[in-house]
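Here the structure is a predicted model, which means the values were calculated and not measured.
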Amino acid sequence: MRRWLLILALSMMPLTSAKAQQSTDPAAVLVADRVFLTRDRTLVAQGNVEAFQGETRLRANAIRYDQASGALSIEGPIVITEGADTLILADAAELDPDLQNGLLRGARLVLNQQLQLAANQINQVDGRYSQLYKTAVTSCKVCEDGRAPLWQIRARRVVHDKLEQQLYFDEASFHIRNIPVFYLPRLRLPDPTLERATGFLRPSLRTTSRLGTGVKIPYFIKIGDHRDLTLTPYLSSATRTLEFRYRQAFRNGRIQFDGAYTRDDERPGKTRGYLFGYGQFDLARDYVLDFAIEATSDRAYLTEYGYSPKDRLTSQLTVSRVRRDAYVRASIYNFESLRDTEVNDELPTIVLDGDYERRFFPRAVGGELRMRIQPHSHLRTSDQDIVGRDVARLQGDIKWLRRLTFGNGLVVDGQTGISFSGFDIVQDSTYSQNHSEVVPFAALALRYPMLRRETGSVTQMLEPIAQIAWVGGQRLPIPNDESTRVEFDEGNLLSLSRFPRPDRRERDAIAAIGVNWSRFDPAGWDAHLTIGQVLREQADPDFASTSGLSGTSSDFLLAGQIKTAEGLSLTGRGLFDENFDFAKAELRGDWDFARGRLGGSYVWLDADLAEDRLQAVSEIALDGDYRISRHWTASADWRFDVADERAASAGIGLTYDNECVSVDLSVNRRYSTSTSVEPSTNIGFNIGLRGFAATNGTERYVRSCRN
């Protein structure tokens, strides 16, 4: 009770100077176990002393307040906290009453619980600047056994500007342990509370078998609060490259452009480079604008410099709007192939595509009425007959859908409607120019889900499914430019048409049968399995043999997934005939365990001339990482072409992370070759010092001094 009474009494005493009282800052409040006044009118507080002024809080062993001079003399150990990001520890201090100016001796300044600045003394100036003399700066754990930290910056003077969130070094030298590595007369670095500031970022070393050994030194330029530019010179014995990244955020969207400008020995005298740009903007009336720009100077550039693995580039501009009952989209695309076997002039590189869909819910008949229109056009830049073919299409449909659920659990989905299409084909003498059709269709699907509950919370579901459908009319004599690759999976087992684009439709009577099985266990393993087959009245010649849909009876579709509580998951899908010969198969497995992750996949595609696949594709891919210890992590990836009996790519990496440094070492080998790209080996090395940037919630490592 006595201590609380002293708080009330002392908070009303004139502890601030006249200058401080005239300011808008609140007066300092003093709390202590014991308070007395000496003969020379010096106020002394002892025992668990705390002083508060604004966001500043001070704890000390004793404080003496001289009312004549307005000075505070403080005996340590002293702990001063300023907001949530700044902590000061000192042995003794002389401060003014508002705790904004003064001298601290034997002090340490800790910023954002990451960076420690130890100094003989700290001068506090105007509450904004902290001047530290004979300073050692590090983000490494400093042990009491006298061992030097892993790295530190020593300086004659360091000035911390709290407003600008910057650190200014005079006569700085960088040390690894106690060994000086280099000297800088002037140095400026951001403090850990600053998220964005102009300055150098972490450099990296890169060695390749074609470009030699080089260094990348990125420089970040803060243009404003909502935009920035990063310039990265990349210099080696074989290349002079300037990489750049520009980002800007707007009130209604954002943009980003990445690119590079190169002069190298691979193509002497020629300028090489690339530009990738992306953006999105919210427009009026709920419309959204998306754009992407992808361009490169030559086919090999992106692969040689490791910027992207893409072998086809897509630039596009799209305006769309999504509402509950309506969807509208208009897009323009430009494609560029980087494959040696493809000629861009003979590919549909310019594509115009649109989509408008509207839903209605008529009360008189129930269900849903859906109307859709899809305009499309694709152009080839070649002027030659046949190989320069251009096609325009307008397709639409009106259909009614209705679902009925009976008391015994049977679910019936019905749909019927009519579709219309019109085509305009030019620059191909083998086809007539104009084609049109009107096609009626109908389908009825049945589902009968059955549940079984086991002990605990385990639930199993068995669901037989069946569909009978009919599509009228005969296929138009038009070229197949859009539906050249067909995928048969569990998602389109009950579709009216399994062609990916509306230029093709399945015709006549079509039936699909299958069964779904699922097991759900919140505490154990989950499993899903689908098996199905499509039956049709007449075979469709536009289905390739490996699509699994050729003939009157399709291949059997088998798809499944298993997930366990131990972090293991397996996902697979395959198409096989009655002789169990697979046309396609893929399997993906992942295992997340306490110290790492392991993943792998296998893909099999049989040879198919209709899909431009002269030989079978069989490939294994593995990737994973393993935490060797708290700070060391190893990673690896490997791709092997089983059909060619050789590796496609391989890579290993080693990462070291602790509270003050991050080191990455990687080695990658690409074995694939073509007329524009040769096999190459890349070695990357990155090292970064922690403590000079905001962590954004990333893990903070803490080492033990016993290590």
Side-chain angles (χ1 to χ4, degrees), residues 208 210-211 230 232 234 239 241-248 253-264 266-267 270-281 288-320 329-354 376-383 387-391 481-485 487 500-501 611-613 617 639 648-649 668 670 672-680 682:
T208 75
R210 300 185 61 84
L211 301 176
T230 303
T232 306
Y234 172 29
T239 184
T241 296
L242 179 64
E243 302 172 2
F244 65 86
R245 183 192 68 186
Y246 178 79
R247 301 183 302 179
Q248 184 168 355
R254 63 188 183 276
I255 59 173
Q256 177 173 329
F257 291 91
D258 298 88
Y261 173 87
T262 293
R263 305 281 285 187
D264 60 20
E266 293 295 304
R267 301 195 178 188
K270 293 186 178 180
T271 298
R272 309 179 71 188
Y274 85 102
L275 176 65
F276 283 5
Y278 309 93
Q280 184 180 79
F281 290 91
V288 177
L289 170 68
D290 292 277
F291 75 86
I293 299 172
E294 296 181 351
T296 184
S297 59
D298 55 81
R299 295 176 186 258
Y301 182 77
L302 295 176
T303 303
E304 285 182 2
Y305 281 80
Y307 292 129
S308 173
K310 291 186 174 183
D311 58 3
R312 283 195 177 106
L313 303 183
T314 304
S315 299
Q316 61 93 11
L317 178 66
T318 297
V319 177
S320 62
R329 175 185 60 83
S331 303
I332 179 170
Y333 300 90
N334 181 73
F335 298 99
E336 180 183 0
S337 175
L338 304 181
R339 299 181 180 183
D340 293 329
T341 57
E342 296 180 340
V343 180
N344 280 296
D345 288 346
E346 299 175 1
L347 297 175
T349 54
I350 301 176
V351 177
L352 303 175
D353 197 72
H376 171 87
S377 176
H378 57 263
L379 308 174
R380 293 171 170 88
T381 55
S382 173
D383 294 329
V387 297
R389 179 178 58 242
D390 300 327
V391 178
D481 274 355
E482 301 179 59
S483 298
T484 58
R485 302 292 186 272
E487 292 294 331
R501 298 289 292 171
E611 295 188 354
D612 300 323
R613 196 164 50 251
V617 174
R639 270 195 318 124
S649 65
N668 296 280
R670 189 187 69 251
S672 59
T673 182
S674 66
T675 57
S676 60
V677 178
E678 296 183 4
S680 65
N682 299 330

- prompt: Between D481 and R501, is there a salt bridge with N-O shorter than 4.0 Å?
  reply: no
field: Closest heavy-atom pair and its distance - E611, T484
entry: CG-O, 4.1 Å
task: Kindly indicate, with the supporting measurements, whether the criterion side-chain contact (heavy atoms from CB on, under 4.5 Å) is fulfilled by Y246 and T230.
output: CA-CA 7 Å; Y246 178 79; T230 303; over 6 Å; no
message: Within the 4.5 Å heavy-atom criterion, are L317 and L289 side-chain neighbours or not?
response: yes
- request: Please check if any side-chain donor atom of D390 sits under 3.5 Å from a side-chain acceptor atom of H378, or the reverse.
  value: no
- request: Run the salt-bridge test on E266 and R272 with the 4.0 Å N-O cut-off and return the result as yes or no.
  value: no
Side-chain donor or acceptor of S297 paired with backbone N/O of G273 under 3.5 Å: yes
statement: One should read off an interatomic distance between I293 CD1 and L313 CG, to the nearest 0.5 angstrom, of 12.5 Å
Inter-residue atom distance I255.CD1 - Q248.CD, 0.5 Å rounding: 5.0 Å
query: Are any of the side-chain heavy atoms of V351 and F335 separated by less than 4.5 Å?
result: yes
task: For the pair D612 and R485, evaluate side-chain contact (heavy atoms from CB on, under 4.5 Å) and give the outcome as yes or no after the intermediate values.
output: CA-CA 10 Å; D612 300 323; R485 302 292 186 272; 3.6 Å; yes
Between Y307 and E243: side-chain donor-acceptor atoms closer than 3.5 Å: yes
R380 to D345 - nearest heavy-atom pair and separation: CB-O, 3.6 Å
Side-chain heavy-atom pair Q256, D258 within 4.5 angstrom cut-off: yes
message: If the condition is ring-ring contact (aromatic ring centres under 6.0 Å, His included), which residues does Y278 pass it with, not counting sequence neighbours?
response: none
query: How long is the span from the CG atom in D311 to the CG atom in L302, to the nearest 0.5 Å?
result: 10.5 Å
- request: For residues T232 and R245, determine if any side-chain heavy atom of one lies less than 4.5 Å from a side-chain heavy atom of the other.
  value: no
query: Does the side chain of V343 reach to within under 4.5 Å of the side chain of V387, using non-hydrogen atoms?
result: no
task: Would you check if there is a donor-acceptor pair between the side chains of Y301 and T262 at a distance under 3.5 Å?
output: yes
message: Looking at every non-hydrogen atom in both residues, tell me the closest pair between K310 and L338 and how far apart they are.
response: O-CD1, 3.6 Å
- prompt: Quick one: does S680's side chain get under 4.5 Å of T208's, heavy atoms only?
  reply: no
- line: In short, P500 meets E482 closest at the heavy-atom pair CG-O, 4.4 Å
query: Looking at R312 and E336, does any basic side-chain N land under 4.0 Å from a carboxylate oxygen?
result: no
- line: All heavy atoms of R329 vs all of S331, minimum pair found to be NH1-OG, 2.9 Å
message: Apply side-chain contact (heavy atoms from CB on, under 4.5 Å) to residues E304 and R210 and explain how you reach the verdict.
response: CA-CA 8 Å; E304 285 182 2; R210 300 185 61 84; 4.0 Å; yes
query: Mind checking whether L379 and T349 have side chains closer than 4.5 Å, heavy atoms only?
result: no
query: Within the distance-only criterion (no hydrogens, no angle test), does the side chain of E294 pair as donor or acceptor with the backbone N or O of S315 below 3.5 angstrom?
result: no
query: Any chance the rings of F244 and F257 have centres within less than 6.0 Å?
result: no
statement: Output for pair (I350 CD1, Y333 OH), nearest 0.5 Å, gives 14.5 Å
- prompt: Could you give the distance from CG (N682) to CZ (R670), rounded to the nearest 0.5 Å?
  reply: 7.0 Å
task: Might you work through the side chain to side chain donor-acceptor pair (under 3.5 Å) test for E342 and N344, ending with a clear yes or no?
output: CA-CA 6 Å; E342 296 180 340; N344 280 296; over 6 Å; no
query: Given side chains that start at C-beta, do those of R263 and T271 come closer than 4.5 Å, heavy atoms only?
result: yes
message: For the residue pair D264 / Y305, report whether a side-chain donor-acceptor contact shorter than 3.5 Å exists.
response: yes
- request: Take Y274 and D298 through the side-chain contact (heavy atoms from CB on, under 4.5 Å) test and state the conclusion after the steps.
  value: CA-CA 9 Å; Y274 85 102; D298 55 81; over 6 Å; no
query: When you check the side-chain N and O atoms of Q316 and T318, is any donor under 3.5 Å from an acceptor?
result: yes
